[in-house]
Amino acid sequence: MIKINLPHGNSVEIESNENKELNYSDREALDILRHTTAHVMAQAVQRLFPNAKIAIGPTIENGFYYDFDIPDHSLNMDDLPKIEEEMQKIIKENQKVEKQVIKNVQEQLTDFNLRGEVYKAELLMEYAQQNPTLYVCSVDGKAVWNDLCRGPHIPETKYIKAFKLLNTAGAYWRGDEKNKMLQRIYATAFWAKDDLKAYLTFLEEAEKRDHRKLSNQLELFSIKDEVGPGLVLWHPNLAFVREQIENYWRSEHRKRGYVIVNTPHIAKKQLWDISGHTGFYDDNMYYLNVEEDKDYVLKPMNCPFHMLIYKSRRYSYRNLPIRMAELGTVYRKERSGTLHGLSRVRGFTQDDAHIFCTQDQFVSEIHNVIDLVDYTMKIFGLTYEVELSTRPEKFVGEIENWDKAEAGLKQALEQKGIEYQINEGDGAFYGPKIDFKLKDAIGRTWQAATIQLDFNLPSRFDLKYTEKDGSLQTPVMLHRVIFGSMERFVGALTEHYAGAFPLWLAPVQAVLIPIADRHIEFAESVYNRMKEAGLRVELDDRSESMNSKIRDAQNSKIFYMLVIGDKEIEANAVAVRTRKGQAGVQSIDEVISNLVSEAKNR
RNA sequence: GCCGGCAUAGCUCAGCAGGUAGAGCAGCGGUUUCGUAAACCGCAGGUCGUGGGUUCGAAUCCCGUUGCCGGCUCCA
């Protein structure tokens, strides 16, 4: 029995093998409610669309979904209120939800098939040996609906008090694009109405932080039809933010023993034959027909170039590791439906590096990279999730090397005390990898940093170094990025800061606001002094009211507003206002020295 | 690429039982000189994404196409 303590001192008991008590705000308690709500939703959909077949309906982080195959109808937003209404009816009927062990699988299969529930039948066949259970909804003791399900479920539908259908989407059966596309409804449910309301408010607020929305307001970037999808125009403000980040990146890499290189944007197809990209990456590459039988390719990766730089001289074990970095702009023909603001584009700059080292060095090199990732994310106040992907079925290289590499990656993560999730078999064919994922405003995750071992390219390019004993050995190679791409990272940062960049990144650090025209002259002198001090300051000398200037500055999320009127001139000072409100009067000298020292802090 | 939705001025949006476009903000020209989130008046801005079709007549209806949005798949 699971006991869930509900709002207002009530409680509900859930049939289960486990014995425990949960609070209504616990994830596990929410999952039970949401799962039952998913069943109610599925039943409602089948009432409204009798030809609908049900597939799967799991709970997810902030809600649940259910997939349907509806041959004679396409679900759209207008259907959602109707389905919600039907769900309310079901809740009013206060259906009992009861577990029923499937004693005769064959009989149940026949029943599913008879009703055309082919997806449930397929699932039942797989679970046949695992004591599958059915959850039956009934009214007045009469069964009205059932679903193959592991449970647990709430005992009666009356407990469903706060739910909302959010959107519709297409989704492949079993997540495989070779399968039929089903229709999915995303929804959420909470035990308490206030919790639902709070969640919906959160979603609204999160939408305002969307970097694509903020871009209009703050003039950050644009993507124009005339240029092409997924190709970013960086406007001055965001270009400035990027410049600051790149400056950090360069100095940090130099500190950490990297060399920085530059390589071309295009190369002969032949280069990509050597790297092997033409074989498996063809669909993503842009080909340029420069001359007949001499095709050039717009680079989708920087690695081959770095291989060749490595190869241009001989190295001994004493020279390794070589850490070769580049802010390299690559172009990949991403599928049209996957593009997304700055987060998923077709032309982007990777903060790429390739580390060439010996077998004995790669664990400590991985360690170093993890360190750099963690150090960097902390500067920006970003939190991340880590995933380790291991050897896939199709792979190159020796199994011992894979095992050693995977163990090395794990060891490095564990030594740093970083929590991670293992994605078994999800590594690249050329090596295992660690991915660092950032969340956007509404909780979608985007891969940023990644560390990948490569057992393929060094031998394809025939890279060598001389060992102590004079023998020629192939170095181990690591691909790694810290930001991932400048586009995606800056997009994530914009959402993280909600557009209000910290002082060291802010394109404009302060705006001077003279109240009336007679204050402009003094404001100009302050402006000049601040400029000389290296501050990024603007003078708003428009013929507008002070309130209007403040409003504009607030909306532009400018860090400091410095108001100048009669009193300030008298005192040789400015009235400081931050984004949060008024912050007292400071003398000119004070303001300048404060801002200068504050701007140094990252 | 796939499923669904959307596309009207620089931005946000109204107009859509078919009768050749409208507001606010931004911009420009004036007036105003102001104490912590919008001073006032005026002017100018759109062949309604694009190509076809239906119709006497299309922003509005139909089809194609491009782009965007939400997902799926794939990925930095």
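Keep in mind the model is a prediction, meaning the values are calculated, not measured.
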Taking A:Asn456 for its side chain and A:Tyr430 for its backbone only, find out whether a donor-acceptor pair lies under 3.5 Å.
no
Side chain of A:Asp566 (C-beta onward), nearest among B:rA37, B:rA39, B:rG35:
B:rG35
Could you state the atom-to-atom distance from CD1 of A:Ile515 to C1' of B:rU36 in whole Å?
8 Å
Regarding the side chain of A:Arg335, the nearest nucleotide among B:rU73, B:rG35, B:rC69 is B:rU73
Partner of B:rA7 under the Watson-Crick or G-U wobble criteria, both distances under 3.5 Å, comes out as B:rU66
Closest-nucleotide mapping onto RNA chain B: is A:Ala575 or A:Asn216 further toward the 5' terminus? I mean the 5' end.
A:Asn216
Base, sugar-phosphate or nothing for A:Leu75? Non-hydrogen atoms, less than 4.0 Å.
sugar-phosphate
Checking contacts here: which listed nucleotide (B:rA76, B:rA39, B:rU36) is nearest the side-chain heavy atoms of A:Glu544?
B:rA39
Counting Watson-Crick and G-U wobble pairs only, both distances under 3.5 Å, name the nucleotide matched with B:rC72, or none.
B:rG1
Per atom distances to the A:Ser548 side chain, the nearest of B:rU73, B:rA76, B:rA38 is B:rA38
Regarding B:rG71, can its base be found pairing with the side chain of A:Tyr172 as donor and acceptor, where the two atoms are less than 3.5 Å apart?
no
Using a 5.5 Å cut-off between ring centres and planes within 30 degrees, is A:Phe348 stacked on the base of B:rA76?
yes
Side-chain donor/acceptor of A:Ser556 to backbone N/O of A:Asp552, under 3.5 Å:
yes
Distance-only donor-acceptor test, A:Arg344 side-chain atoms vs B:rC75 base atoms, 3.5 Å
yes
Keeping A:Asn423 on the side-chain end and A:Thr390 on the backbone end, is there a donor-acceptor pair under 3.5 Å?
no
Looking at B:rC75, B:rU36, B:rU33, which one has an atom nearest to any side-chain atom of A:Ala516?
B:rU33
Near A:Glu219 CD, under 6.0 Å, is it more than 12 heavy atoms from other residues, nucleotides or ligands?
no
Side chain of A:Asn555 - closest among B:rC2, B:rU33, B:rA37
B:rA37
In Watson-Crick or G-U wobble terms, with both distances under 3.5 Å, the base opposite B:rA23 is B:rU12
Using the side-chain heavy atoms of A:Ser543, tell me which of these nucleotides is nearest: B:rU31, B:rG71, B:rA37.
B:rU31
Polar pair under 3.5 Å, donor/acceptor by atom type, side chain A:Glu568, base B:rG35
yes
Candidates B:rC68, B:rC34, B:rA39 - which lies nearest the side chain of A:Ser545
B:rA39
Rounded to the Å, how far apart are A:Glu219 CD and B:rC11 P?
12 Å
Whole-Å gap separating P (B:rC75) and NZ (A:Lys437)
10 Å
Is it the case that B:rU36 (base atoms only) and A:Arg577 (side chain only) share a donor and an acceptor within less than 3.5 Å, ignoring hydrogens and angles?
yes
Can any side-chain N or O of A:Thr578 pair as donor or acceptor with the backbone N or O of A:Lys580 at less than 3.5 Å?
yes
Under-3.5 Å donor-acceptor pair between A:Arg551 side chain and B:rU36 base
no
Under a 3.5 Å cut-off for both distances, is B:rC40 Watson-Crick or wobble paired, and to whom?
B:rG30
Ignoring hydrogens and angles, answer whether the base of B:rA76 and the side-chain atoms of A:Ser485 contain a donor-acceptor pair closer than 3.5 Å.
yes
Among the nucleotides B:rG70, B:rU33, B:rG35, which one has an atom lying closest to any side-chain atom of A:Ala169?
B:rG70
Nearest 0.5 Å please: distance from the CZ atom of A:Arg335 over to the CG atom of A:Asn284.
9.0 Å
Counterpart base for B:rA17, defined by Watson-Crick or G-U wobble contacts under 3.5 Å
none
Closest to the side chain of A:Asn547, out of B:rC34, B:rG35, B:rU36, is B:rU36
Using atom CZ of A:Arg212 as one end and atom P of B:rU12 as the other, report the distance to the nearest whole Å.
13 Å
Look at all strands and tell whether A:Lys549 reaches a base, only sugar-phosphate, or nothing, counting heavy atoms closer than 4.0 Å.
nothing
Quick one: on RNA chain B, does A:Arg444 or A:Asn76 contact a more 5' nucleotide (nearest heavy atom)?
A:Asn76
Is the ring pair A:Phe489/A:Phe483 parallel, tilted or perpendicular, if the boundaries are 30 and 60 degrees?
tilted
